[in-house]
Amino acid sequence: MTQDPSSTPHFAIAIDGPAASGKSTLARLLASRLGLIMVNSGAMYRAITWKILRENIDSHDAPAVIELLGRIEIRCGHDGILSTITIDGIDPGDELRGPDVNANVSAISAIPQVRNKLIDLQRGYLEHSSIVMEGRDIGSVVFPDTPFKIYVDADEEVRAARRGDEGLVDSIAKRDAADSKRATAPLIVAEGATVLDNSHLGIEEGVQAAIEILTRQGLKL
Ligand code: CDP
């Protein structure tokens, strides 16, 4: 379901940023306030990683990963509020956020063939709905022409503490370094994006700040 974003009446709000910066919480609340579908692109990279680990494939063995990609069925949809994903009919659920997936997802997401496949699925969402999509390259690669772009950031200690509070094992500094240094679609502040540092903001303050930014970017509420 490849989609030329310019051919649809729907629009995308791009929320990018490093690990544990609060992108998901912000994207979810924004989507709910604005009546849009929230799409978690990270869950797609995590789902491929989950499948690769289940098949005992080494995440650094790109040819084996690409071979697997050609024989699995990835279905992306939504439940009216949030994006959903199944691989060969299975929803990985909470396993997407497990330590093994955390440790291997950056290697998988650095493979250009993986990105190309998922980008098509990500753009396909606009066929049916307007969306808030969060990730690393949404404003730079997936929807570079959208005027609505926020780069969410927070101090590294704040982000590490947030992930620890969630009870999750996740080397966010390592993941950020890999995501920022990769050759294909590295994490950057996209052209036209406004940076929102929420290190010292509560959740509701962050949502309000994001709505102000989007309004300045031309979003009609
Ligand atoms: O949990 P957190 O918000 O830190 O990460 P995530 O959004 O679930 O993304 C997990 C991993 O997927 C990232 O560390 C990236 O390696 C990759 N990713 C990506 O490359 N591009 C995206 N648009 C989204 C995620």
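Order of appearance sets the numbers: ligands from 1, and atoms from 1 within every ligand. Owing to the predicted nature of the structure, the values given are computational and were not obtained by experimental measurement. We're numbering straight along the sequence, starting at 1. All values below were derived from every heavy atom in this structure, side-chain atoms included, with hydrogens, water molecules and symmetry-related copies excluded.
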For atom 19 (C) of ligand 1, tell me which residue out of Met133, Arg115, Arg175, Arg97 has the closest non-hydrogen atom.
Arg115
If you measure from atom 22 (C) of ligand 1 to every heavy atom of Arg136, Glu134, Gln122, which option wins on shortest distance?
Arg136
For ligand 1, the portion of [X] having any non-hydrogen atom under 4.0 Å away:
X	answer
Ala20	backbone
Met44	neither
Arg182	side chain
Arg163	side chain

Give the atom numbers and elements of ligand 1 that come within less than 4.0 Å of a heavy atom of [X].
X	answer
Asp137	21 (N), 22 (C), 23 (N)
Val105	11 (C), 12 (O)
Ala19	4 (O)
Ser109	15 (C), 16 (O), 17 (C), 20 (O)

Quick test: of every protein heavy atom, which one is nearest to [atom], and how far off is it to 0.1 Å?
atom	value
atom 25 (C) of ligand 1	Gly42 CA, 3.5 Å
atom 8 (O) of ligand 1	Arg46 NE, 2.7 Å
atom 3 (O) of ligand 1	Lys23 NZ, 3.0 Å
atom 15 (C) of ligand 1	Asp179 OD2, 3.2 Å

I need the Thr86 OG1 to Glu73 CD distance, nearest 0.5 Å.
6.5 Å
OG-CD distance between Ser41 and Glu134, expressed to the nearest 0.5 angstrom:
6.0 Å
Within a reach of under 6.0 Å around [atom1] of [X], are more than 12 heavy atoms found that belong to other residues, nucleotides or ligands?
X	atom1	value
Ile203	CD1	no
Glu166	CD	yes
Ile90	CD1	yes
Arg33	CZ	yes

Who are the salt bridge (Lys or Arg N to Asp or Glu O under 4.0 Å) partners of Arg71, not counting sequence neighbours?
Glu55, Glu67
Classify the angle between the aromatic ring planes of Tyr125 and His78 as parallel (below 30°), tilted (30 to 60°) or perpendicular (above 60°).
tilted
Asn104: partners by side chain to side chain donor-acceptor pair (under 3.5 Å), with sequence neighbours left out
Ser59
Within-shell test, Ser24 vs ligand 1, heavy atom, strictly < 4.0 Å:
no
Checking Asp153 against Arg159 for the side-chain contact (heavy atoms from CB on, under 4.5 Å) test, could you report, in this order, the C-alpha distance in whole Å, the side-chain angles of both residues, the deciding distance, and whether it holds?
CA-CA 9 Å; Asp153 208 353; Arg159 294 188 288 112; 4.2 Å; yes
Test your reading of the structure: does Asp170 have an N or O sitting under 3.5 Å from an N or O of ligand 1?
no
Based purely on interatomic distance, does Ser41 place a nitrogen or oxygen under 3.5 Å from a nitrogen or oxygen of ligand 1?
yes
For the hydrophobic clusters of this structure (ILVMFWY residues joined by side-chain heavy atoms under 4.5 Å, transitively), does one cluster hold both Leu126 and Ile74?
yes
